[in-house]
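To find a chain, count down the sequence lines: A is the first, B the second, and so on, and within it residues start at 1.
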2 protein chains.
Amino acid sequence: MSRERVTVIDIANAAGVSKSTVSLVLQGSSLVNETTRAKVNAAIRELGYVYNRGAANLRQANAKSKIVGMVVNDLTNSFFAELAVGIDSVMQSAGYVQFLANTGENIDRQREVIASMREHGISGLIISPARGTEAADFGGLANAGIPVVLAVRNVPGARVSSLTSDNHAGAAASVAHLAKLGHRRIAFLGGFPDTAVFTERFMGYRDALFDAGLDFDADLAIGAAPSRAGGVEAIERAMRLATPPTAAVCFNDAVAFGACDGLRSRKIEPGSEFAVVGFDDVIEAKTAVPALTTVSVDPQGMGRRAAQLLLKQINSGTAEPEALVKSVRLVVRQSCGTGIQGGVR
Amino acid sequence: MSRERVTVIDIANAAGVSKSTVSLVLQGSSLVNETTRAKVNAAIRELGYVYNRGAANLRQANAKSKIVGMVVNDLTNSFFAELAVGIDSVMQSAGYVQFLANTGENIDRQREVIASMREHGISGLIISPARGTEAADFGGLANAGIPVVLAVRNVPGARVSSLTSDNHAGAAASVAHLAKLGHRRIAFLGGFPDTAVFTERFMGYRDALFDAGLDFDADLAIGAAPSRAGGVEAIERAMRLATPPTAAVCFNDAVAFGACDGLRSRKIEPGSEFAVVGFDDVIEAKTAVPALTTVSVDPQGMGRRAAQLLLKQINSGTAEPEALVKSVRLVVRQSCGTGIQGGVR
DNA sequence: TGACAAATTTGGAACGTTCCAATTATCTCC
DNA sequence: GGAGATAATTGGAACGTTCCAAATTTGTCA
């Protein structure tokens, strides 16, 4: 079974040339004669040779490996799965292969996998950092000149590139839309206050309330896990208030779906009787009933863009950090209804 | 920025020992004196040394790399994302790092990524193969003695291990449960007939109809994309039949959710007025409204098991293929109602 | 045909590690 | 204090590739 490894020397012997010539063929050099090239390629097929990138990479110590790392905080969240797919598609086309690690918000795991990936010779890293990640966690990479792109979540003080979405503008657009529909009591549901993403969306919500001439009521800002279950919990709390809201801007789509579930179990129909807006535009948002009004972030597109940014940095060699903010778009569907006048039956 | 690489020789010089000693320290050998070890470790920290696994692996050509490959056909499907997370957790704990590639059912991409991973020296591969994968696609790996585990989908004739779930039993259990609730017209919705998974589930459906003394009606078997949109489409077609079904077994949860959406837009309440059963038990099944009755496959558990199987094969060296079938469990929730008598209002 | 240029091919060193056999330092015990 | 054993350390070869400078072959032209 596990036969001896076929090396470039075996090919050389079989084809009756030197290993240098074989190497030249492997690199597609134009220096080698067509007939020799054919002979060598035949031998390669014949013997089932497999190129050893590890060895190649060892020799050309200056050159970069065709490996990048990808670290995400929660792959079970389909937002990040889509992000990964976007990255994957660009990296595959560029001839890269990628390590993937899921940290599950565990900082120690994150440190370990980054270290492990470094030992394996990644030439770049895209990471959606776990909560509590510090700038120092990228110190080693930055120091070695390995470019890092922070995706989705930023880390204050880190001297690396980042690609985030315009959370402030997205939340503000949601509030503005709801206000225009006539809502005066708009809740903000879900999310943990210790992340930059939360802060940005929440600030967008507050600022837009102000711009619309509405008061901010702290009771209407209800933190909860950024999950479907968290959404159920948050809407429950909101509807038990003395004067409950008539609309909610949710931290993300999962929370929004949870809010819809919670409303239904209270016999309130989301969309017609209560307006719900999400954030992220996950794939199910379009087909859900009611279809979810949400802020479209296009995670696949974001992944592609993060990958392109990383490739640019890898190729340029200069690791000049760059901070990109991806613009965002409110997609109006059924879940926010058509206005408070028509909505209340 | 990108300073010179620190090697084991630099450490040796800094610590005043030979590179061999440093190597010994790196491997945690008990042959080295405690004080020397401390000196070396200090130098390692001091200089920011990073172990080069590529070089190490090149030397010990017999030994295996700590890298495995993971190839999935559709990472945007949360079933596979969960599978990946399960694999990841076991592999991380075992000190492995994994390549991930998403094929999107594209066979050529799949071939490319497998080849690329091989060049990078994986010591094992877990793959949920794209539609149309042939046994020959694993020939190279098998030949080189690199173990392969097929997850979720099997490939006929492939001399590699596999881990599938008991699709036949799962579908049969769903039908049996619905029959016991009094349903006589049970549809089978969604899925493409050219996969083994489809065949198994469909056969389970047919066989269980027979066991329950019900007729098989070809009109009630409606193929469609295994997605939420496919579910909407399938249920539409089903409800336009002269005598529509009162219950549906769906190819997977995505189809089931789509079916619920489709029912709602026809003002039929899934759960109370129409029974829907899914397959997979994705994470949202529990929190959806109505909570989805489905066949639990526990994709994370499946991923963990696939990873363990692969590790076993890597360590044993003998690549004796093994075919595991993971048992499966019907989780009864609200979406299948409580019986046809109470259900029809 | 001889001389020179261009095209092609080649051996050996190097990359950063591990392994082996061999060397050197340290103990132990009488 | 010295022999023998044990503990600790070490130089060099090897892994599979690429790169360099040099060697060889082929082609061109007077």
Side-chain angles (χ1 to χ4, degrees), chain A residues 2-41 43-44 47-67 118-123 144, chain B residues 2-41 43-44 47-67 118-123 144:
Chain A
S2 175
R3 55 185 72 175
E4 286 292 294
R5 204 181 216 305
V6 178
T7 79
V8 79
I9 299 193
D10 301 320
I11 303 298
N13 293 338
V17 298
S18 79
K19 59 182 172 36
S20 303
T21 304
V22 177
S23 173
L24 253 17
V25 171
L26 288 174
Q27 301 165 69
S29 163
S30 61
L31 278 87
V32 25
N33 187 293
E34 265 321 311
T35 62
T36 336
R37 182 191 308 279
K39 256 193 310 188
V40 170
N41 280 326
I44 285 177
L47 302 188
Y49 167 75
V50 176
Y51 185 65
N52 183 338
R53 276 178 197 274
N57 212 68
L58 180 58
R59 179 58 178 87
Q60 17 176 213
N62 51 322
K64 284 105 176 176
S65 75
K66 285 290 203 174
I67 310 180
R118 247 196 106 186
E119 293 186 351
H120 280 101
I122 53 174
S123 45
Chain B
S2 176
R3 56 185 71 176
E4 285 292 294
R5 206 181 215 305
V6 178
T7 79
V8 70
I9 299 194
D10 301 319
I11 303 299
N13 292 338
V17 298
S18 78
K19 61 180 170 34
S20 304
T21 305
V22 177
S23 174
L24 255 16
V25 170
L26 288 174
Q27 302 167 66
S29 163
S30 61
L31 277 83
V32 27
N33 185 292
E34 266 320 312
T35 62
T36 332
R37 182 191 307 279
K39 256 191 312 188
V40 170
N41 280 327
I44 285 177
L47 302 188
Y49 168 74
V50 175
Y51 184 66
N52 184 336
R53 277 178 195 274
N57 211 68
L58 180 57
R59 179 55 177 85
Q60 14 174 217
N62 51 323
K64 284 106 174 175
S65 75
K66 286 288 202 174
I67 309 180
R118 246 196 107 186
E119 294 185 351
H120 279 101
I122 54 174
S123 45

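Nearest-nucleotide mapping onto DNA chain C: of B/G54 and B/S20, the residue sitting toward the 5' end is B/G54. Across the interface with DNA chain D, nearest-nucleotide mapping of B/E34 and B/Q60 shows B/E34 to be the residue nearer the 5′ end. When each of A/Y51 and B/T21 is assigned the nucleotide of DNA chain D bearing its nearest heavy atom, the one mapping closer to the 5' terminus is B/T21.
Here the side chain of B/S123 pairs no donor or acceptor atom with the backbone of B/K64 at under 3.5 angstrom.
For residues 10-37 of chain A, every residue pair satisfying the salt bridge (Lys or Arg N to Asp or Glu O under 4.0 Å) rule, not counting sequence neighbours, is listed here: A/E34-A/R37.
For the pair A/N41/A/Y49, no side-chain contact is recorded, criterion being any heavy-atom separation below 4.5 Å from C-beta on. Between B/N57 and B/K66 the shortest side-chain heavy-atom distance does not fall below 4.5 Å. Taking the side chain as every heavy atom from C-beta outward, A/I67 and A/H120 never approach each other to under 4.5 Å. Side-chain contact between B/N52 and A/E119 is absent, with no heavy atoms from C-beta onward closer than 4.5 Å. Annotation: side chain of B/V17 is in contact with side chain of B/V22 (closest heavy-atom distance under 4.5 Å). In this structure, A/L47 and A/I11 have side chains that are in contact, with non-hydrogen atoms separated by less than 4.5 Å.
You can see that DNA chain C meets the heavy atoms of chain B within a 4.0 Å-exclusive cut from C/dG16 to C/dC19, reading 5' to 3'.
Nucleic acid contact for A/S23: base, since at least one base atom lies under 4.0 Å from a heavy atom of the residue.
What separates CG of B/N33 from P of D/dT6 is a distance of 18 Å, to the nearest Å.
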Could you list all N or O pairs between the protein and nucleotides 25-28 of chain D that sit under 3.5 Å apart?
none

